[in-house]
Protein chains: 2
Amino acid sequence: MATDPDRPGFLLPLLLLAGFRTLIDDLHAELARQGHPELRPLHGFVLQAVGAGGTTATGLGQRLGISKQAAGKTVDRLVALGYLERADDPHDARRKLVRMTPRGHDGLHRSAVVFDQLRQRWADTLGADRVAALEDDLRAVTPANWFRLDVPGWFGG
Amino acid sequence: MATDPDRPGFLLPLLLLAGFRTLIDDLHAELARQGHPELRPLHGFVLQAVGAGGTTATGLGQRLGISKQAAGKTVDRLVALGYLERADDPHDARRKLVRMTPRGHDGLHRSAVVFDQLRQRWADTLGADRVAALEDDLRAVTPANWFRLDVPGWFGG
DNA sequence: TCCGAATCGTAAACCTGGTTGTCGAACATG
DNA sequence: CATGTTCGACAACCAGGTTTACGATTCGGA
């Protein structure tokens, strides 16, 4: 099968990146409007990964697929911003539990609402079936472990 | 229209990011195999933006949507790696032309080939029509200026 | 023609989000 | 009880971006 010169391969990653950044930028702008101007684009995913039950820096790193040191630094920033808090683990003095503060819960909840609204906006433009197809297709070509689906907590845990 | 709890909105950006990073990681791995191990994921886009005719740091920044300083630093690195070279503009002593070296051309060409192959792989899995639909849909929901389409050189210039 | 304004490249300082290496403290196990 | 592993933290570093500033050069209008 010949390569279509009208659809060079590098368009695909560019469009994926553009779609991602469009969503993130829109989310960011809306969250700033709703009282969370200091919430950086990636912080929502971090809060998502911390989850309602809390976690540790090492566990967070595993869920996000980054080193525990990087996770720890991100936790530092979110603690400074008031979205997370650290607490000692009574059963293991080495561990420090990382939990969301009320402000963290608020930010995460608002993120989820805004993301749903943005997805709805796409569905209004494209049709709900095409958005769903887009999700299904991306899932099909993406390694399953990309989201650490094996780790409970990411989705409807 | 109610929000489908099985398709939370935050899945969409996550899947877009996963798709992007999957493509970039695969490209990167293949380029390393083909003699360009030091080519970082974003460098391909930079070479693409420099184009066959060359450009300047400021022009590059405009095409990439970043500051001229950031563009200049990226050029520094690619010059150090042997992909780009700087030359004086005979008509304007302020400007420094940025051009691809033969190695730069080679890297860019191989990037394009690999991206085409990766797109073909997606088409084998999903069907060519769904890949095309994916591209069309993303184009429809992405601000047109995201790619600096107004600036000649990005596409088939 | 000359002088002020705009442009180009570069530098410095800083931020975010990562990395690797190291290390002490605390746990787990033979 | 000695050894090995795990956890969190610290340091040094890197890539990629920002804003601010500035010297050199070019442009354009009085």
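Excluded from the calculations below are hydrogen atoms, water molecules and symmetry mates; all remaining heavy atoms, backbone and side chain alike, are included. Reminder, nothing fancy here: chain letters follow the sequence lines and each chain counts from 1.
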Taking for A:His43 and for B:Ala57 the nucleotide of DNA chain C with the nearest heavy atom, the one nearer the 5' end belongs to B:Ala57

From NZ of A:Lys73 across to P of D:dA15 the rounded distance in Å is 14 Å

Report yes if a side-chain nitrogen or oxygen of B:Thr74 is closer than 4.0 Å to either non-bridging phosphate oxygen (OP1 or OP2) of D:dG17; otherwise report no. yes

- Message: Would you say that more than 12 heavy atoms from the other residues, nucleotides or ligands in this model lie under 6.0 Å from the NE2 of A:His109, or not?
- Response: no

Do the side chains of A:Arg121 and A:Glu30 get close enough for a salt bridge, i.e. N-O under 4.0 angstrom?
no

key: Parallel, tilted or perpendicular, as decided by the 30° and 60° cut-offs, for the rings of A:Phe45 and A:Phe20   = parallel

From CZ of B:Phe45 across to P of D:dG17 the rounded distance in Å is 12 Å

*asked:* Any side-chain N or O of A:Thr56 below 4.0 angstrom from OP1/OP2 of D:dC7?
replied: no

Here the residues of residues 80-94 of chain B within 4.0 Å heavy-atom distance, strictly under, of DNA chain D are B:Asp92, B:Ala93, B:Arg94

Assert: residue with more 5' nearest nucleotide on DNA chain C, out of B:Lys68 and A:Ala71, is B:Lys68

Here the distance between atom P of C:dG17 and atom CG of A:Asp76, to the nearest Å, is 12 Å

Self-check item: Heavy-atom check, side chain of B:Gln34 versus side chain of B:Val114, under 4.5 Å
Solution: yes

inquiry  = Strictly below 4.0 Å: does A:Ser67 bring a side-chain N or O up to OP1 or OP2 of C:dT19?
reply    = yes

On the 0 to 90° scale, with breaks at 30° and 60°, tag the B:His36-B:Tyr83 ring pair as parallel, tilted or perpendicular.
tilted

From CD of B:Gln69 across to P of C:dT7 the rounded distance in Å is 14 Å

Atom CD1 of A:Ile66 and atom P of C:dT16 are separated, to the nearest Å, by 15 Å

Separation of C:dG9 atom C1' from B:Leu97 atom CG, nearest Å, is 13 Å

B:Ser111 and B:Leu31 have their tightest heavy-atom pair at OG-CD1, 3.5 Å

- Query: So does B:Thr58 get a side-chain nitrogen or oxygen closer than 4.0 Å to the phosphate oxygens (OP1/OP2) of C:dG9?
  - Reply: yes

note: B:Leu60, atom CG; C:dC8, atom C1'; distance rounded to Å ~ 14 Å

*Base C:dG9 to side chain B:Lys96, donor-acceptor N/O within 3.5 Å cut-off*: no

Exercise for review: Indicate whether the side chain of B:Asp116 and that of B:Gln120 have a donor and an acceptor atom separated by less than 3.5 Å.
Suggested key: no

B:Leu64 CG to D:dG17 C1', in whole Å, measures 12 Å

Using a cut-off of strictly less than 4.0 Å, decide whether A:Arg77 has a side-chain nitrogen or oxygen near OP1 or OP2 of C:dG17. yes

